[in-house]
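Along the sequence shown, residues carry numbers from 1.
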Amino acid sequence: MYERKLRAWLEAGLVDEPTAARIRAWEAQHSRPLALWAVIGIAALAIGLGVVLVVAANWDDIPGQVRLAVHLALIALAAGYLWRSGDDLAQRQPWGLEAVLFVLGMLGMTFLAHVGQVYQTASPLWQPLALWLVLFGPVLLLRGQSWLAALLLFMVSVYAAWDYAEPLGGAIWGRRVGPGPLAVTVVTALPLLYAPFAAWWRTRSARTAFWLRLEQLGFAYGVGATSLIVIGSGGDSFDNDSNHWLSFGMLALRAAFAVAAGAAIAAARPGKSGQATGGILALCAALLVISHPLSGNSVLAALLFMALWAGIAGASLHAGWRGVFQTAVALIAMRLIVLSFELDDNLLTSGAGLIFSGLLILGIAWGAMRIARTFAPPKETA
């Protein structure tokens with residue numbers, strides 16, 4: 001692949017022949033035998049699957065305490081290796097350390113499930129997930145190197161929060177069970193706080209890739225939740241009793257979380273990127289509050305959604321997030337197409353609406369390309 005690029009660069013006059021020769025020599029010296037590593041990987045996978053199948057075939061014949069002891073020994077082995085060689089591995093092979101962390105985390109998660117199977121315990125899923133976060137979350141925070149550890153930590157947190165919220169609205173003998181709307185609102189808003197926490201550590205840690213990914217995940221959670229609430233506001237009024245957890249007070253509390261997170265990020269990272277992130281979360285807070293009195297109207301909900309992503313597009317230009325800007329424009333275009341179907345109820349008017357929407361989207365795309373070339377850099381800078 002690099003040879004084709006080199007030829008193109010030579011023809012374009014970007015590099016000369018001696019430079020191309022040095023690049024070829026460097027690539028040859030640092031090339032990796034991908035085919036050999038693929039064969040080794042397939043062999044390791046075959047061995048691992050064989051071990052799993054042998055254990056599965058004799059699972060019921062192995063005493064539960066023996067299985068738990070072996071499982072715990074594997075956790076101890078991974079933790080011991082991490083403690084003994086973690087620093088050296090972080091310097092030489094950060095992805096190797098990331099893989100060890102992921103294996104340790106998954107061993108811990110499956111161990112909790114294993115305990116439940118052996119002792120036939122019955123508890124909501126969020127409880128073992130919360131215990132896992134207490135036991136293994138600090139290890140990922142202290143050692144995580146990139147997106148793999150960040151994604152594992154974040155997804156477990158989100159799943160635990162929403163599994164905790166799931167019983168809301170259930171009824172036994174005519175009474176409501178599970179957490180109340182206030183508890184659900186607070187718990188499901190907590191994953192957003194990963195964003196300011198990670199933003200603060202990004203400038204104070206050498207593991208900037210890990211904290212960047214964790215901040216991005218928390219930020220995406222806040223924006224995604226706001227988008228879903230705004231979309232939902234078009235289908236039913238939030239004054240309905242079945243939507244009491246989306247009452248004005250609960251939405252205002254979510255908005256307060258978003259404002260606090262945005263202000264903390266802007267303070268932790270006072271540059272353009274921090275300002276854009278804080279501004280977007282402030283916009284999310286405003287739309288959460290506005291969505292309550294405007295709920296029940298599909299057109300207003302569509303306008304709120306497009307206003308949210310238009311604001312994100314503007315903030316992306318300020319921060320130089322070219323990819324986010326393009327995503328925002330694409331989502332606005334798709335919402336316009338959906339809106340054209342919502343407004344028209346027969347083939348003739350739907351066809352005319354689609355034609356109008358298509359022309360409008362082409363105009364938006366053309367304008368977005370001109371704006372991106374003028375104001376947004378060719379790559380993400382922050």
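The shortest distance between side-chain heavy atoms of Phe257 and Leu288 does not fall below 4.5 Å. In this structure, Leu182 and Leu253 have side chains that are in contact, with non-hydrogen atoms separated by less than 4.5 Å. A heavy-atom distance below 4.5 Å is not found between the side chains of Leu148 and Leu101. Side-chain contact between Leu287 and Phe305: absent, with no pair of heavy atoms (C-beta onward) separated by less than 4.5 Å. The closest side-chain heavy-atom distance from Ser157 to Leu133 is below 4.5 Å. Proximity of Trp162 to Val187: side-chain heavy atoms (C-beta onward) are nowhere separated by under 4.5 Å. Annotation: side chain of Leu303 is not in contact with side chain of Leu294 (no heavy-atom distance under 4.5 Å). Using a 4.5 Å heavy-atom cutoff, the side chains of Met155 and Tyr159 are not in contact.
Evaluation of the side chain to side chain donor-acceptor pair (under 3.5 Å) test over residues 130-141, restricted to residues two or more places apart or in two chains, returns none.
Scored by the side chain to side chain contact (heavy atoms under 4.5 Å, CB included) test, Ala313 finds Phe325, Ala328 as partners (sequence neighbours excluded). Annotation: side chain to side chain contact (heavy atoms under 4.5 Å, CB included) contacts of Ala20 (sequence neighbours excluded): Leu6, Leu10, Glu17, Arg24. A search for side chain to side chain contact (heavy atoms under 4.5 Å, CB included) contacts involving Thr19 returns Val15, Asp16, Arg22, Ile23, not counting sequence neighbours. Applying the salt bridge (Lys or Arg N to Asp or Glu O under 4.0 Å) test to Arg92 and every residue at least two apart in sequence or in another chain returns Asp88.
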* For Tyr194 and Leu153, what are the C-alpha separation, side-chain angles and deciding distance, and is it a side-chain contact (heavy atoms from CB on, under 4.5 Å)? -> CA-CA 10 Å; Tyr194 274 118; Leu153 177 64; 3.7 Å; yes
Q) Is there a side-chain contact (heavy atoms from CB on, under 4.5 Å) between Leu192 and Leu281 once you walk through the steps? A) CA-CA 10 Å; Leu192 172 63; Leu281 289 177; 4.2 Å; yes
Residues Tyr221, Thr188; criterion side-chain contact (heavy atoms from CB on, under 4.5 Å); working and verdict: CA-CA 10 Å; Tyr221 179 83; Thr188 54; 4.1 Å; yes
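None of Trp147, Trp200, Phe197 except one satisfies the ring pair (Phe, Tyr, Trp, His ring centres under 6.0 Å) rule with Trp211; the exception is Phe197.
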Can you give me every donor-acceptor pair (side chain of residues 71-85, partner residue at least two apart or in another chain, under 3.5 Å) with its distance?
| unit_1 | atom_1 | unit_2 | atom_2 | d |
| --- | --- | --- | --- | --- |
| His71 | ND1 | His114 | ND1 | 3.2 |
| His71 | NE2 | Leu107 | O | 3.0 |
| His71 | NE2 | Thr110 | OG1 | 3.1 |

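When all heavy atoms of Leu283 and Gly311 are compared, the pair lying nearest together is CD2-CA, 3.7 Å. Across Leu304 and Ser291, no two heavy atoms sit closer than the pair CD1-CA, 4.0 Å. Scanning both residues, Gly108 and Phe136, for their nearest heavy atoms gives CA-CZ, 3.4 Å.
Judged purely by atom type and a 3.5 angstrom limit, Arg254 has no side-chain atom pairing as donor or acceptor with the backbone of Thr226. For the pair Gln145 (side chain) and Arg143 (backbone), a donor-acceptor distance under 3.5 Å is present. No donor-acceptor pair under 3.5 Å is formed between the side chain of Glu215 and the backbone N or O of Pro196.
Linking ILVMFWY side-chain heavy atoms closer than 4.5 Å, directly or via other members, places Trp95 and Leu151 in a single hydrophobic cluster.
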